[in-house]
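Worksheet for the structure shown next.
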Amino acid sequence: MIEKIAHKLTRKPKLVAAIAVLMLIPSLMGYAATRINYDILSYLPQDLPSSQGEQLLEDPFQMAATSMLIVEGMPAGYTNRLIQDIKAVPGVSSAVWISNLVGIQIPVEMIPADFREMFFSGQATMMLIQYDHPGASDETMEAIRQVRSVCNERCFLAGFSVVIKDTRDVMDGELPIFVGLAVLLALLAMGVTLESTVLPFVYLASIGMAVVYNFGSNVFLGQISYITKAIAAVLQLGVTMDYSIFLYHRYEEERERYDDKRDAMAQAVIAAFRSLSGSSLTTIAGFLALCFMRLTLGRDIGIVMAKGVVLGVATVILVLPSLVLIFDKQIGKHKHKTLIPSFDKVNEFIIRYRVPLVVLTALLFFPATYAQRHADIYYKLDESLPRDLPSIVSNEKLKEDFDMATSHFLVLRDDLSAADMGEIEGQLEEISGITSVVSFHKMLGTGIPDFFIPEDIQNMLRQEGWQLMMVNSSYAPATDEVSAQLDAMNDILHRYDPAAMITGEGAMYRDLIDTSAVDFQVTNYISIAAIFLIIAFVFRSISIPAVLVATIELAIFINQGCCYFLGTEIPFIAPTIIGCVQLGATVDYAILMTSRFQEELKKGLSREEAIRIAAASSDGSIVTSALVLFCATLGVSFVSSIDLIGAICVMLSRGALISALVSIFLMPAILLVCEPLFQKTSYRWKTPEPAPALSGSEKEMLPAAETKTLPASEEAPLPASSAKETPAEVVFTGKEPVSTRTK
């Protein structure tokens with residue numbers, strides 16, 4: 001089947017290219033229709049109490065999206081007019097200020113102390129704003145924009161939804177710069193490592209189509225996270241560039257065997273399909289491991305990136321050959337020498353000192369593992385944002401002026417007695433760090449008659465058999481203090497109402513911490529196991545996958561441990577993403593060298609000579625692959641003002657370099673020392689593969705001189721002096737052609 005497809009693709013390259021371009025239209029439409037989710041907390045498992053409580057806040061309370069507006073140094077008349085303007089904004093369901101409760105004409109000194117302390121602080125006053133739609137919805141984002149438009153410079157809008165709005169604005173402004181810089185730096189890297197000036201542009205055209213296809217097909221998911229949006233295109237560029245390089249290298253090999261370049265490309269496509277369909281499995285397995293996270297953000301990233309690799313391979317097989325054939329003359333015309341240095345002397349040093357290098361590799365595990373486990377991690381998402389964003393400034397002012405770093409929302413049954421509610425409120429106020437408690441019962445306790453409380457205030461605090469309490473804390477979310485506070489609050493609530501739930505930033509961040517800790521272990525083990533099995537199947541060995549995976553895991557530990565030695569905090573999601581992506585994307589470096597090592601051993605060469613050839617033939621490909629991934633991701637880290645994105649990309653770029661260095665400088669020594677073990681624990685480790693039979697389609701593409709009928713006794717061997725040779729059959733699925741027969 002692939003032979004027929006390859007033959008037809010290479011006969012009409014312009015038609016294939018035109019179809020590929022036309023397919024961009026529905027892809028762009030799908031991209032435009034895919035919603036971007038900026039609320040990471042929405043990816044928490046829905047069976048957690050904090051998530052269930054958040055659902056109740058949305059319906060029936062409509063409190064999931066709540067903002068706090070601080071008005072500083074303005075008269076009460078201005079604030080009262082402002083609240084009316086805010087209520088008129090589409091998407092705002094209610095706005096609560098002290099005037100809603102007691103009237104603007106009552107002096108501040110006569111307002112009950114609990115409410116006076118909550119709504120007033122010095123020359124500043126605060127109002128609560130609720131929205132009709134969930135906190136991260138497009139409607140709420142537009143409502144926040146309009147609320148800001150009716151406020152003056154003495155107003156500060158705070159809250160989690162406002163942080164999401166600013167995150168969205170920053171991302172929308174920086175994403176085009178991300179992609180543009182990644183493309184520019186990738187071109188620079190390929191210009192240094194490839195032998196043609198035109199070829200990098202052809203590669204980027206092919207990969208660019210694959211990226212658009214990938215983002216367009218995300219429409220079936222409904223939405224993707226902003227983290228996925230930020231890193232997917234850049235990561236797909238860096239990871240799948242190798243496949244394009246492999247196809248072209250194979251095409252150049254076949255050009256020397258075929259008179260017609262179309263036949264040469266068809267054979268290159270056949271070889272590339274056989275090789276890349278296996279090679280991409282390790283990368284796909286690394287991404288799919290993310291799908292096993294309980295935090296469904298991992299599934300979001302994993303599906304998008306695994307799909308991107310599949311589409312990248314498909315584009316290399318189906319589209320890139322046509323582009324290469326169309327621009328073949330220009331590619332050949334603008335060739336130059338590459339700047340990749342020779343590693344011959346380095347390899348001689350490695351072979352000579354292989355035992356000390358293996359000992360060094362083993363010793364490196366100790367500091368690397370320690371540093372990886374002790375790297376500081378942060379979970380509070382607004383810590384990754386620029387400190388001068390309006391939402392961050394407002395949140396800081398809310399904390400300083402009103403001592404409100406966190407707001408807990410407590411959902412209880414509405415049929416609790418007044419005595420029970422009084423005891424709950426009293427015990428909550430005694431918890432360390434609690435600054436205020438607001439509830440319907442507490443309002444009545446201030447002397448305000450039930451019938452005097454406006455209906456919209458009652459609806460805000462009592463709905464469908466539930467009542468809502470708002471408990472403000474001076475402790476910041478995602479801290480040990482808030483965690484202890486939540487434990488104490490749960491103990492109190494569940495004595496009176498076992499069904500009570502606590503939600504809000506504090507509770508959801510605590511669940512995020514607990515969930516992420518488990519996810520990191522689970523996804524790490526799954527990715528290791530999946531890639532281990534793939535390598536074991538390909539090499540038919542138990543020891544080889546153990547050695548290769550352990551070596552790349554060392555590179556991962558070093559990468560994550562750098563954060564400990566540099567004293568930098570990393571976002572909670574980074575270790576999970578790096579653990580799976582770096583293993584899946586860079587284990588191919590080790591596979592490439594191992595497969596070539598095995599090939600040379602099968603030819604009867606000694607271990608030293610085999611590893612010398614394997615290292616020399618692999619080093620250039622590893623450098624090119626790692627340099628492209630390094631440059632593509634590093635550019636994002638320079639531009640991104642969101643540390644969550646920048647930190648992930650820094651670790652991805654650093655991981656590519658570390659994996660390349662480990663593969664180039666340590667892997668040859670490890671393979672050389674472990675070769676006797678491989679021989680004992682691998683099936684047919686050194687046994688030459690039988691010469692493959694050619695299919696009918698492959699015979700048709702050969703020159704006539706090679707397809708003549710031979711006597712039965714002469715069919716097996718091929719003439720050694722033939723000007724054109726039978727295409728070599730790929731034995732191992734790696735990122736460089738590896739064959740049983742060479743020219």
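All values derive from a computational prediction rather than experimental measurement. Just so it is clear, the values below take in all heavy atoms, side chains as well, and ignore hydrogens, waters and symmetry mates.
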Verdict with reasoning, Ile164 to Tyr226, per side chain to side chain contact (heavy atoms under 4.5 Å, CB included):
CA-CA 10 Å; Ile164 293 175; Tyr226 77 94; over 6 Å; no

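- Annotation: Phe638, atom CZ; neighbour count of heavy atoms from other residues, nucleotides and ligands within 6.0 Å does not exceed 12.
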Assess whether side chain to side chain contact (heavy atoms under 4.5 Å, CB included) is satisfied between Ile670 and Val547, documenting all intermediate values.
CA-CA 8 Å; Ile670 295 170; Val547 170; 3.4 Å; yes

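- Atom CZ of Arg352 sits in a sparse spot, with 12 or fewer heavy atoms from other residues, nucleotides or ligands closer than 6.0 Å.
- The environment of CZ in Phe565 is crowded: more than 12 heavy-atom neighbours from other residues, nucleotides or ligands sit within 6.0 Å.
- By the 4.5 Å heavy-atom criterion applied to side chains, Val662 and Met667 are not counted as neighbours.
- Formation of a donor-acceptor pair under 3.5 Å by the Ser516 side chain with backbone atoms of Ile513 is not found in this model.
- Taking 4.5 Å as the limit, every side-chain heavy atom of Met190 sits out of range of all side-chain heavy atoms of Cys631.
- Judged by distance alone, the side chain of Asp519 and the main-chain N or O of Thr576 form no donor-acceptor pair under 3.5 Å.
- Remark: Arg299 CZ is loosely packed, at most 12 non-hydrogen atoms of other residues, nucleotides or ligands lying under 6.0 Å away.
- Between Phe678 and Trp685, the angle of the ring planes goes over 60°, which puts this pair in the perpendicular group of the 30/60° scheme.
- For Gln560 (side chain) and Ala375 (main-chain N/O), no donor-acceptor pair under 3.5 Å exists by modelled atom type.
- To the nearest 0.5 Å, the span separating CE on Met593 from CD1 on Ile664 amounts to 7.0 Å.
- Ile245 has its side chain within reach of Thr624: a pair of non-hydrogen atoms, C-beta onward, lies under 4.5 Å apart.
- Within 6.0 Å of CZ on Phe557 lie more than 12 heavy atoms contributed by other residues, nucleotides or ligands.
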Could you walk me through whether Tyr589 and Ser621 satisfy the side chain to side chain contact (heavy atoms under 4.5 Å, CB included) test, starting with their C-alpha distance in whole Å, then the side-chain angles of each, then the deciding distance to 0.1 Å, before giving a yes or no?
CA-CA 8 Å; Tyr589 303 163; Ser621 298; over 6 Å; no

Side chain to side chain contact (heavy atoms under 4.5 Å, CB included) between Glu553 and Leu583, worked out
CA-CA 7 Å; Glu553 279 293 314; Leu583 176 60; 3.6 Å; yes

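- Taking the six-membered ring for Trp and the full ring otherwise, Tyr379 and Tyr509 have centroids separated by 6.0 Å or more.
- Between Leu652 and Ile578, some side-chain heavy-atom pair lies under the 4.5 Å cut-off.
- Annotation for Met293 and Ile573: closest pair CE-CD1, 3.7 Å, computed over non-hydrogen atoms.
- The distance from the OG1 atom of Thr283 to the CD atom of Gln236 is 12.0 Å, given to the nearest 0.5 Å.
- Distance CG/Asp480 to CZ/Arg510: 11.0 Å, rounded to 0.5 Å.
- Not a single donor-acceptor pair under 3.5 Å links the side chain of Asp344 to the backbone N or O of Ala616.
- Between Asp172 and Lys229 there is a salt bridge, with a side-chain nitrogen of the basic residue lying less than 4.0 Å from a carboxylate oxygen of the acidic one.
- Under a 3.5 Å cut-off, the side chain of Ser640 and the backbone N or O of Val636 do not form any donor-acceptor pair.
- Between the side chain of Thr369 and the main chain of Phe366, no donor-acceptor pair closer than 3.5 Å is present.
- Contact of the Pro321 side chain with the Leu247 side chain is registered, since non-hydrogen atoms from C-beta on lie closer than 4.5 Å.
- Note that the OH atom of Tyr248 and the CG atom of Leu320 stand 10.5 Å from one another [nearest 0.5 Å].
- Glu505 places no side-chain N or O within donor-acceptor distance of the main-chain N or O of Pro477, the cut-off being under 3.5 Å.
- Summarising the geometry, atom OG1 belonging to Thr167 is positioned 7.0 Å from atom CG belonging to Leu389; distances are rounded to the nearest 0.5 Å.
- With a 6.0 Å radius and a threshold of 12 heavy atoms from other residues, nucleotides or ligands, Tyr38 has its OH atom above the threshold.
- Under a 4.0 Å N-O distance rule, the pair Glu608/Arg354 qualifies as a salt bridge.
- One N or O on the side chain of Ser637 and one on the backbone of Leu634 form a donor-acceptor pair closer than 3.5 Å.
- Here the closest non-hydrogen pair linking Ser217 and Leu311 is OG-CD1, 4.0 Å.
- A salt bridge links Glu599 with Arg596; the closest basic N to acidic carboxylate O contact falls under 4.0 Å.
- Minimum interatomic distance between Thr34 and Asn218 (heavy atoms only, all atoms of both residues): OG1-C, 3.6 Å.
- Residues Cys580 and Ile526 fail the side-chain proximity criterion, which asks for heavy atoms closer than 4.5 Å.
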Under 3.5 Å donor-acceptor pairs involving side-chain atoms of residues 198-207, not counting sequence neighbours:
none

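- Annotation for Ile544 and Ile535: closest pair CG2-CG2, 4.3 Å, computed over non-hydrogen atoms.
- Closest heavy-atom contact between Ile377 and Pro571: CG2-C, 4.1 Å.
- For Asp619 and Asn347, the side-chain atoms include at least one donor-acceptor pair closer than 3.5 Å.
- The backbone N or O of Tyr378 sits nowhere less than 3.5 Å from a side-chain atom of Glu569 that would complete a donor-acceptor pair.
- When side chains are defined from C-beta on, Val346 counts as touching Phe665, because their heavy atoms get closer than 4.5 Å.
- Going from atom OH of Tyr43 over to atom CE of Met508 covers 12.5 Å, rounded to the nearest 0.5 Å.
- Formation of a donor-acceptor pair under 3.5 Å by the Ser618 side chain with backbone atoms of Ala615 is not found in this model.
- Ala232 approaches Phe215 most closely through the heavy-atom pair CB-CZ, 3.7 Å.
- Counting heavy atoms from C-beta on, the side chains of Val310 and Phe287 never come closer than 4.5 Å.
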